[in-house]
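Reading through the structure tokens given below for one structure.
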Amino acid sequence: MINLDNLNPQQREAVTTTEGPVLVVAGAGSGKTLVLTYRIAYLISLGISPSSILALTFTNKAASEMKERIRKLVGKSADYIFMGTFHSIFARILRHEAHLIGYTKEYSIYDTDESENVIKGIMKDFNISENHFSPRFIQSVISKAKNKLISKENGLEKFFGVYNKKLIEIYEEYIRRLKNSNAMDFDDLLIKPIELFSSNKEILEKYRERFNYILVDEYQDTNTAQYYLLKMLINENKNICCVGDDAQSIYKWRGAEVRNILEFNKDFPETKIVRLEQNYRSTKSILAVADSVIKNNVYQIPKTLWTSNEEGDKVNIIVCFDERDEANLVARKITALISTGKIRPRDIAVLYRTNSQSRNFEETFLRSSIPYIIVGGIEFYKRKEVKDILAYLKLLVNPKDDESFLRIVNFPARGIGDVSIENLKLIANRNEKSLFHSIPDLVEDKDVSERIKKNFQSFYNLISKYLTLVHQKNYYEVIKSFIDEIKILQVFKEEGTEDGIQRYENIIQLFNSIQEFQVNNPDKSLTDYLSEISLIADIDNWEDRKNSVVLMTLHAAKGLEFKVVFLVGCEEGLLPLKRDGDVEDIEEERRLFYVGCTRAMKQLYLTYARNRNRFGNSYPQVQSRFLDEIDKNHVIVEATPLAEIYLKKNNNYRTIIEDDYNQIEEIERINYSSLNLKPGSIVQHDVFGKGRVIYLEGYGDHQKVIVEFKSGIKKHLMVKYANLKVIK
DNA sequence: GCAATTTACTTTTTT
DNA sequence: AGTAAATTGC
């Protein structure tokens, strides 16, 4: 039996109430992951088969970490639990059952970009101007309709609004094209199982029987499709346990329905509700600050989160001059924190609303030699060269994949231009075939020039040659010789530019990841590899083994904790974010702010800039309303020296130029230098004895001093290595 | 059909 | 300001 001694009574109740519906309303830092982990381990220790447990998490990272923890409690049987994100679990199920809904198990998964490209193609063919509707907008509207399960039969026209006629045309063609390409988008991974289960009751029954225990993490961020899937899958035993916190619902924009958690007990009248209200993570100050802000939300489950942790340091609100000053300030604070020896780089997170904010910090941290890692932004698998290779691989396992076909048919260049491709599209459309399978038809065509025919035919032969080979057990070797044959690596190598080398290396890295996957998953196929990497999130790739400060968006930070958190850019328009012509959802932005604050264990810094650069222009900023809402008993407000000048000069901020920066940075370096060295400080050196600092330069690891020792010798020293002690 | 130059667009957040 | 798309020139 699992030892439950380190759980509190509520946590224990959530773990041991194994039968019937359970809703765990788990406040930030209240041990939600602990409960899920122990609940699963507990179930297994009762003799319940791990393969009858379905655990749905929000990220792959959460799933693999939880699995690891369960493995420590119950051993290898943890491997048989069905655990993963909604998308990855149902992608897997769909691979098995694809033939029942007119797909093959090699179906492609289209990401948002690929969906958007399909829509662009449709709009071009339908002669719909992109000025009127942006493809991106249409993609997002279609996606929302799909994950809200709105179909033509139930209100699609109304949902699409004024321009519904054209949108519906595009929508229907989009669905048709994906089907023809044997491809699914992210929403299909949730919708197709619903279709499958509705039309194949015996299949549904199979899974209902198998998954006798269902657990859902981050339930507040499930959407309608996910909710409906759960309702279908829950069998008559109703052993479902959902864990979540309505105050941390931050994915409404992606279709998440807070109602799922708010009305859980309406869906399951006999629900046992367990509230976890003791926070084990943060200091009293941090919790008080977070609470004073979130209580301004009207639409929420009332709860009182409390902690027996210490009062802790006050929360710091720091006014900065602009985003550069903000980054400098954070860098200085981090340097000072690290130099105390009590905080490691990996204990620190810098959280922001938008990915674009990372750049400043990246540049500054580089200069200050602060080790850092950025989660998100331009992720590896989204790089152009990587996507090119992946498109080849997708086409090899699924030759009907028109998107992938279009991406690589003329890359590297093989004399197949736009005109020829348009021609092929016409033939494909006429015969209702995929582009690849239409090549033979094009070759038959009398009107096509011999040169074009030859080019198409050799491409066709190339792909055909590898179509079956790629299903071999050792697909890695097949891919390697395929890539050799298309000479794509040479293209990048020959470029000779730094960019080309980087791309070359990225492809090599991709190869390594394929090889690694093949070795680690001997019973999986290339299709599985492609599927898994399509569903990887930025956060999944972050290994916290590295001792680096981590920079990420507030969204990515959900579920994580750090000793020290810098929540930056607390400005109106940025947090809460406002986009032109968009009505911001203040309550969701407030929850986002709340999520940010509650990541912090010991220290929380909230910063904002008086001026911020946007699209190359500097705009004056107003501090976030969330800062106004904070209970001021728990904060210290300060300003950087540059911001002080700004305040004094009263709006005449344009006079602050490079010189001011350099001056101020010099002053601040001294103030924040690791040993608190100042010119004039008296120091002790192991060899040279006592001396006086007469010059100081740089900070952090790069800090240099000139010390005049009692003997009269002046020495240039690196503070990092000199082992100085400050006497005065 | 490709390279160089100009223009347009971007900054929500992501499976 | 930085990047991707579009247009021009060869």
Side-chain angles (χ1 to χ4, degrees), chain A residues 56-63 84-91 109-113 115 117 120 130-131 134-136 139-140 143 146-147 184-191 218 221-223 225-226 249-256 323-324 351-360 363 375-379 381-382 384 410-421 451-452 455 495 499 531-540 552-558 569 571 573-582 584-585 588-589 591-593 595-596 612-619:
Chain A
L56 297 158
T57 60
F58 197 73
T59 62
N60 294 297
K61 185 170 188 277
T85 63
F86 271 90
H87 290 84
S88 63
I89 292 280
F90 288 102
I109 297 174
Y110 282 180
D111 65 19
T112 315
D113 286 347
S115 296
N117 283 337
K120 271 186 196 158
E130 289 191 10
N131 301 332
S134 84
R136 179 174 301 182
Q139 194 276 331
S140 77
S143 169
K146 287 174 90 169
N147 69 46
M184 302 208 197
D185 64 18
F186 287 137
D187 303 306
D188 286 333
L189 296 178
L190 306 175
I191 289 175
E218 308 281 9
D221 281 321
T222 51
N223 64 28
Q226 290 165 327
S249 162
I250 54 176
Y251 283 92
K252 194 173 158 195
W253 55 275
R254 207 174 78 185
E323 71 282 336
R324 179 175 158 184
L351 307 180
Y352 37 76
R353 180 63 236 265
T354 64
N355 278 309
S356 59
Q357 286 166 259
S358 65
R359 185 178 235 107
N360 279 305
E363 284 167 5
V375 175
I378 334 117
E379 119 192 53
Y381 294 105
K382 292 221 173 84
K384 211 172 22 200
N410 199 33
F411 182 79
R414 41 175 78 87
I416 299 176
D418 288 347
V419 183
S420 313
I421 290 168
R451 190 173 54 90
I452 302 288
N455 291 343
E495 273 182 20
D499 218 46
S531 181
E532 285 187 25
I533 61 166
S534 304
L535 300 174
I536 281 177
D538 294 324
I539 192 72
D540 297 333
M552 65 177 115
T553 63
L554 289 164
H555 284 87
K558 189 167 77 159
E571 296 142 38
L574 189 59
L575 181 61
L577 184 76
K578 180 149 166 61
R579 240 181 130 197
D580 295 339
D582 229 30
E584 69 268 59
D585 184 341
E588 176 140 317
E589 296 291 322
R591 291 191 292 268
L592 210 39
F593 183 85
V595 167
R612 187 170 292 274
N613 238 70
R614 230 179 129 231
F615 305 140
N617 287 352
S618 186
Y619 299 96

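Throughout, protein chains are lettered first and strands after them, A, B, ... in sequence-line order, and every chain is numbered starting at 1. Values reported hereafter were calculated over all heavy atoms of this structure, with side chains retained and with hydrogens, waters and symmetry mates removed.
- Where stacking is scored as ring centres under 5.5 Å apart with planes under 30°, A:Trp253 registers as stacked on the base of B:dT13.
- Contacts of A:Thr112 with the nucleic acid, taken as non-hydrogen atoms under 4.0 Å apart, include base atoms.
- When rounded to the nearest whole Å, the span between NZ of A:Lys558 and C1' of B:dT15 equals 11 Å.
- Checking the phosphate oxygens (OP1, OP2) of B:dT14, a side-chain nitrogen or oxygen of A:Asn355 falls inside 4.0 Å.
- Across all strands, A:Tyr251 comes closer than 4.0 Å only to sugar-phosphate atoms, never to a base (heavy-atom distances).
- In the interface, the side chain of A:Arg353 is paired with the base of B:dT12 through a donor and an acceptor atom under 3.5 Å apart.
- Rounded to an integer number of Å, the gap from A:Phe58 CZ to B:dT15 P is 7 Å.
- Residues forming a side chain to side chain donor-acceptor pair (under 3.5 Å) with A:Asp585 (at least two apart in sequence, or on another chain): A:Lys252.
- For A:Tyr251, the ring-ring contact (aromatic ring centres under 6.0 Å, His included) partners are A:Phe58, A:Trp253, A:His555, not counting sequence neighbours.
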Set out, line by line, the N/O atom pairs under 3.5 Å between protein and nucleotides 5-10 of chain C.
none

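- Listed nucleotides: B:dT11, B:dT13, B:dT15. Nearest to the side chain of A:Thr85: B:dT15.
- With hydrogens and angles disregarded, no donor-acceptor distance shorter than 3.5 Å links the side chain of A:Glu363 to the backbone of A:Asn360.
- Taking atom CD of residue A:Glu589 and atom P of nucleotide B:dT12, one finds them 11 Å apart after rounding to whole Å.
- Residues forming a salt bridge (charged side-chain N to carboxylate O under 4.0 Å, His left out) with A:Arg612 (at least two apart in sequence, or on another chain): A:Glu326, A:Glu571.
- Judged as a salt bridge (charged side-chain N to carboxylate O under 4.0 Å, His left out), and not counting sequence neighbours, the contacts of A:Asp185 are A:Lys146.
- Considering only side-chain N and O atoms, A:Arg359 lies under 4.0 angstrom from the phosphate OP1 or OP2 of C:dT3.
- Across all strands shown, A:Arg612 has no heavy atoms under 4.0 Å from either base or sugar-phosphate atoms.
- Partners of A:Ser134 according to the side chain to side chain donor-acceptor pair (under 3.5 Å) rule, which considers only residues two or more places apart in sequence or in another chain, do not exist here.
- If you take CG of A:Leu351 and C1' of B:dT12, they are 16 Å apart, rounded to a whole angstrom.
- Note on A:Ser534: every side-chain N or O is 4.0 Å or more away from OP1 and OP2 of B:dT15.
- Each of A:His87 and A:Leu577 was assigned the nucleotide of DNA chain B with the nearest heavy atom; the assignment lying further toward the 5' end belongs to A:Leu577.
- As rounded to the nearest Å, B:dT11 and C:dA6 have C1' atoms that lie 22 Å from one another.
- Using a distance-only test at 3.5 Å, with no hydrogens or angles considered, no donor-acceptor pair links the side chain of A:Asn613 to the main chain of A:Glu323.
- The separation between A:Lys252 atom NZ and B:dT14 atom P is 19 Å, rounded to whole Å.
- Judged as a side chain to side chain donor-acceptor pair (under 3.5 Å), and not counting sequence neighbours, A:Asn223 has no contacts.
- Evaluation of the salt bridge (charged side-chain N to carboxylate O under 4.0 Å, His left out) rule for A:Glu218 yields A:Lys32, A:Lys558 as partners, not counting sequence neighbours.
- Rounded to whole angstrom, the span from the CD atom of A:Glu218 across to the P atom of B:dT15 amounts to 13 Å.
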Sub-3.5 Å pairs of nitrogen or oxygen atoms, protein against nucleotides 1-3 of chain B:
unit_1, atom_1, unit_2, atom_2, d
B:dG1, OP1, A:Gly417, N, 2.9

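- If you take CD1 on A:Ile421 and CD1 on A:Ile452, they are separated by 10.0 Å, rounding to the nearest 0.5 Å.
- At whole-Å resolution of the value, CE in A:Met552 and C1' in B:dT11 are 19 Å apart.
- A straight line from CG of A:Leu592 to C1' of B:dT14 spans 13 Å, rounded to a whole angstrom.
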